[in-house]
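Below is one structure, written out as C-alpha cells; the observations come after it.
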Amino acid sequence: MPPSAMPPVVAPTPTVQTDPPIRAFDLDAWAGDDYPARKQHLEQRIAESQGRARVDALLAMARFTLARALPEEGRAALDAAESLTPGPDQRYELRLLRDAFRALDGTADPDDSQFVRAQPTPAAADHHVWRSATLAPSRWTAAKSSLPIALKRLLSYPADLRGRLLTLLAESAGEAADGPSLNLIVLEMITLDGIGSTDGRLDFFRGRLAELHNETAEALTHYKRASALPNLYGHRAQVRSIELRLASGALDDPGAIAELESLRYAWRGGDVETDALAALGAAYTRAGRIDAALDIFGLLGRRFGATARGRAALTTGRGLLDAVIGHLETTPGSALDALSLQVRYGRTVALTDDDAGTQQRRLARLLARGGFTLEAARLLHTVAEATRGAQRAAVGLELARVLLDAGRGSEALAVLDHTAGPAPDAQAAERRALLRAEAFATEGEAMRAFDALRGLTGPEAARIRADSLFRAGEWPAARAAYAELLGGQDAPLPDDIAFHALAAFRAGDDAAVTAATERHGKALAGTRWAGLLDALAVPPDPPGKPLSSATVSGQLAAADALAGMLRRWKTP
C-alpha cells in the first residue's frame, strides 16, 4: 500500500496508576480471642516463612498489634517487613498500617496520610474512623464531619483500640472547645464498657464537658473525683481544677503557686508535667515573679524541647512566653527582664515561636524601648533571615526603625534594600519610603531624602523634609518648614518646637524666637528641651550700654537652663 493509504498509528493511552480503595478493617479477626495463642501463632509463621510469605506474616503481626492498640510492636513489624523488599500491593498495605499507627499516636501528618488524601465513600466506615483520628489533633473542623460514622463503627472495634481512639477524639474535641462533639464521645465512652471509668479518664472528660457548659461546680466535682487517682489523668484533673478555680476567683495566685509546686515535685512524666509547669509559670508571671517564670520557661525548652513530646511542650511554652512578654509590655522598667529573657533563653524563644516570629518581634520591641538597640537589631536580623515574602518585608521595616533610632542610617538603608517584598501593599510601600528618606536625612544626604519623599504627604513626611533642611544648615528654609509643620498640629511635638526655635535663632529671626516662646513656652516644661526657649529669647544688650544686674541674672539663668538641658540629653 502507498504511504498515504496506510491507517494512522494511534498511540496507546497511558494508564494512570491509582491506589485501590481502602477496604474494611476486620479488627476483631485480626485481634483474635486468645492474645498469647494468637501472638505465638503469628511469631511462628514469621519464623517459618521466607520471601513474600514472610512479608505477609509480618503484615499479619502488624494488623494484630493494631487491633490490640500496641503501636511500638506494630511499628517494629512494619520496619521488618519494609526491609524485605515487599511487592507493590504489600507496600500499599504497609503504608495504610503505618498511617493508622501514626493516627493512633496522634502524630500523623494529614497532608501525607492516605486516609485523608483518598476520598472516603459512605460505605467505608473504617476509612471515616481513621480519617477522623488522623485529622483530630490539628484539624478538628474537618475531623468532626466523619465523627457520627466513626462513633457508630467504633462499636465493633476491640476494647483497647476503641478506648485509645475515643480518648484521642475526646482530647481533640476538648482542645477545640467543641462541647456537642465531646458530649457524643463521652456518651460513647460511658455506654461502651465504661471506658476510662477506672483510671480517671472518664471523670476528666466529663469535667471538661461541664467546664465547656459553664457549669463550674459540676466540673470541679468531676475533677476532684479524678484527682483522687495518682495517675496521668488524676494529675491533669488537678491542673485543670487549679486553673478553673483561678479563673472563677476561688483561688488566688499564691495558693495556686503552692498547689502547682507540690504537684510539680510529686509527679514526673507524661504531658501533665508540661501543663503543670506552664500553669505554674503563668502564676509566677501574674504574681510578678518574672525570674521564676523565666526559669520555668527555660526548663520547658531544655528538658522537653528535644524529646518525643517536644512539639507539645514547645506549644505549651508558647502560651507561657506570651504571658511573660505581655506582662513585660505593660510593666514599666521591665527592660532588664526582657534582656534577661533574650540572653538566657534566646534559643528556646526561637524554638517556641511561630513561623512569623511573633514573640521574637515583640521581645525586640521591648529591648528597643529599653535602649538595648544592639540586641533588638540582632534579634530582628535573625527573624528576617528565617522569614520570606510579606513577613520578611514587615520584619525589615521594624529592623530599619530600630537601626534609625540607634543612628545607624546606612545599615537601615541596606536592610530596606535586602528585605523589600516583590509587591508590598500601599501602606507598607509608604512606610518603606518614609524610612528610606529618614535614613538619607540621618546620613546628611538631603537631596536623596527629598527624592524619596516625592509624592508623600502628611506630618511625618513634612518632619523629615524639615529635618533634612536643618541638618543641611538651611536655616531660613528649615524655620519655614517647621513653622508649617507646627501650624497643622493641635498639640505639636516638643522636638518640632525646639528645632523650629533653633532654626529661627540660627537664621537671626528674633521675632520668630520670641513668638515661639510666647506660644509654646509651657509645652516644653518637663521635657529634655525645658529652658531652651527662654535661653534663646534673651535679648542682647545695646552696644555701649553697661550691663545691668537684671541682664546678668537673665544671662546666668539662660546658661543654667542650657546646662540642665545638656545634662538631660546626656542621660538616656
ask   = Around atom CG of Asp355, are there more than 12 heavy atoms of other residues, nucleotides or ligands at under 6.0 Å?
value = no
Test side chain to side chain contact (heavy atoms under 4.5 Å, CB included) on Leu374 and Arg408; report intermediate values, then the result.
CA-CA 11 Å; Leu374 179 62; Arg408 297 153 65 181; 4.1 Å; yes
What one should report as the nearest heavy-atom pair of Ala283 and Ile257 is CB-CG1, 3.6 Å
query: Within the distance-only criterion (no hydrogens, no angle test), does the side chain of Arg388 pair as donor or acceptor with the backbone N or O of Glu385 below 3.5 angstrom?
result: yes
Shortest non-hydrogen pair, Pro110 vs Ser138, comes out as CG-OG, 3.6 Å
Here the pair of heavy atoms bringing Leu453 nearest to Ala461 is CD1-O, 3.8 Å
Practice task
Please tell me if the side chains of Leu502 and Phe470 come closer than 4.5 Å, counting only heavy atoms from C-beta onward.
Solution key: yes
Between Asp353 and Arg361, is the salt bridge (Lys or Arg N to Asp or Glu O under 4.0 Å) condition met? List the steps.
CA-CA 10 Å; Asp353 209 352; Arg361 291 163 68 178; over 6 Å; no
Margin query: side chain to side chain contact (heavy atoms under 4.5 Å, CB included), that's the test. Do Arg286 and Leu246 meet it? Break it down for me.
Written below: CA-CA 11 Å; Arg286 289 190 299 269; Leu246 267 173; 3.2 Å; yes
query: Quick one: does Asp178's side chain have a donor or acceptor within less than 3.5 Å of a partner on Ala173's backbone?
result: no
Rounding to 0.5 Å, atoms CG (Leu469) and CD1 (Ile464) come to a distance of 12.0 Å
ask   = Are Arg448 and Asp451 close enough, and set up right, to give a salt bridge (Lys or Arg N to Asp or Glu O under 4.0 Å), and what steps lead you there?
value = CA-CA 5 Å; Arg448 298 186 70 178; Asp451 289 339; over 6 Å; no
Which of Leu435, Leu403, Leu404, Leu397 passes side-chain contact (heavy atoms from CB on, under 4.5 Å) with Val415? Answer is Leu403
Output for pair (Phe440 CZ, Glu445 CD), nearest 0.5 Å, gives 6.0 Å
* **Audit row: Arg344, Asp295, salt bridge (Lys or Arg N to Asp or Glu O under 4.0 Å) steps and yes/no** => CA-CA 9 Å; Arg344 294 165 61 188; Asp295 290 339; 2.5 Å; yes
Could you check whether any side-chain heavy atom of Gln359 comes within less than 4.5 Å of a side-chain heavy atom of Leu363, counting everything from C-beta outward? no
ask   = Between Ser145 and Thr141, is there a donor-acceptor pair closer than 3.5 Å when you use the side chain of the first and the backbone of the second?
value = no
Test your reading of the model: is there a side-chain donor-acceptor pair from Arg432 to the backbone of Leu416, 3.5 Å cut-off? yes
Heavy atoms of Ser241 and Leu220 approach each other most closely as OG-CD2, 3.6 Å
Check: Are Glu218 and His222 close enough that some pair of their side-chain heavy atoms sits under 4.5 Å apart?
Finding: yes
Output for pair (His520 NE2, Leu486 CG), nearest 0.5 Å, gives 5.0 Å
Here the gap from Asp337 atom CG to His327 atom NE2, rounded to the nearest 0.5 Å, amounts to 7.5 Å
Practice item. Run the numbers on Glu171 and Arg208 for side chain to side chain contact (heavy atoms under 4.5 Å, CB included), then give the verdict. Key: CA-CA 10 Å; Glu171 293 278 5; Arg208 181 67 181 134; over 6 Å; no
Once the angle between the rings of Phe499 and Tyr482 is folded into 0 to 90°, is it parallel (under 30°), tilted (30 to 60°) or perpendicular (over 60°)? parallel
Does Val513 offer a backbone N or O that forms a donor-acceptor pair with the side chain of Thr517 under 3.5 Å? yes
Determine whether the side chains of Arg378 and His381 contain a donor N or O and an acceptor N or O closer than 3.5 Å.
no
### Message
Using a strict threshold of under 4.0 Å (side-chain N to carboxylate O), is an ion pair present between Glu438 and Arg401?
### Response
yes
Q. Do other residues, nucleotides or ligands put more than 12 heavy atoms under 6.0 Å from Phe505 CZ?
A. no
Is it true that atom NE2 of His418 has more than 12 heavy atoms of other residues, nucleotides or ligands lying nearer than 6.0 Å?
no
Start with the C-alpha gap between Thr457 and Glu430, add the side-chain angles, then the distance that decides, and say whether side chain to side chain contact (heavy atoms under 4.5 Å, CB included) holds.
CA-CA 10 Å; Thr457 59; Glu430 180 179 353; over 6 Å; no
Over 12 non-hydrogen atoms of neighbours within 6.0 angstrom of CD in Glu215: yes
Point to revise | Residue pair Leu367 / Val402, side-chain heavy-atom distance below 4.5 Å | key: no
- Item | Side-chain donor or acceptor of Thr331 paired with backbone N/O of Leu328 under 3.5 Å | no
Minimal heavy-atom distance between Ser227 and Ala237, with the atoms involved, is N-CB, 4.0 Å
Distance col, row Phe372:CZ vs Leu366:CG, nearest 0.5 angstrom, shows 11.5 Å
*So, do Arg362 and Asp322 sit near enough that their side-chain heavy atoms are less than 4.5 Å apart?*
yes
Nearest heavy-atom approach of Leu524 to Thr527 is O-OG1, 2.7 Å
* Asked: Side chains of Leu434 and Leu456: closer than 4.5 Å at any heavy-atom pair?
  -> yes
Rounded to the nearest 0.5 Å, the CD atom of Gln360 sits from the OG1 atom of Thr382 at a distance of 7.5 Å
Q) After noting the C-alpha distance and the side-chain angles of Glu398 and Arg365, does the key distance pass the salt bridge (Lys or Arg N to Asp or Glu O under 4.0 Å) rule? A) CA-CA 9 Å; Glu398 293 185 32; Arg365 294 186 201 112; 3.2 Å; yes
Regarding Asp203 and Lys224, does a basic nitrogen lie under 4.0 Å from an acidic carboxylate oxygen? no
| said: A side-chain contact here means heavy atoms from C-beta on lying under 4.5 Å apart; do Glu211 and Glu243 qualify? | reply: no
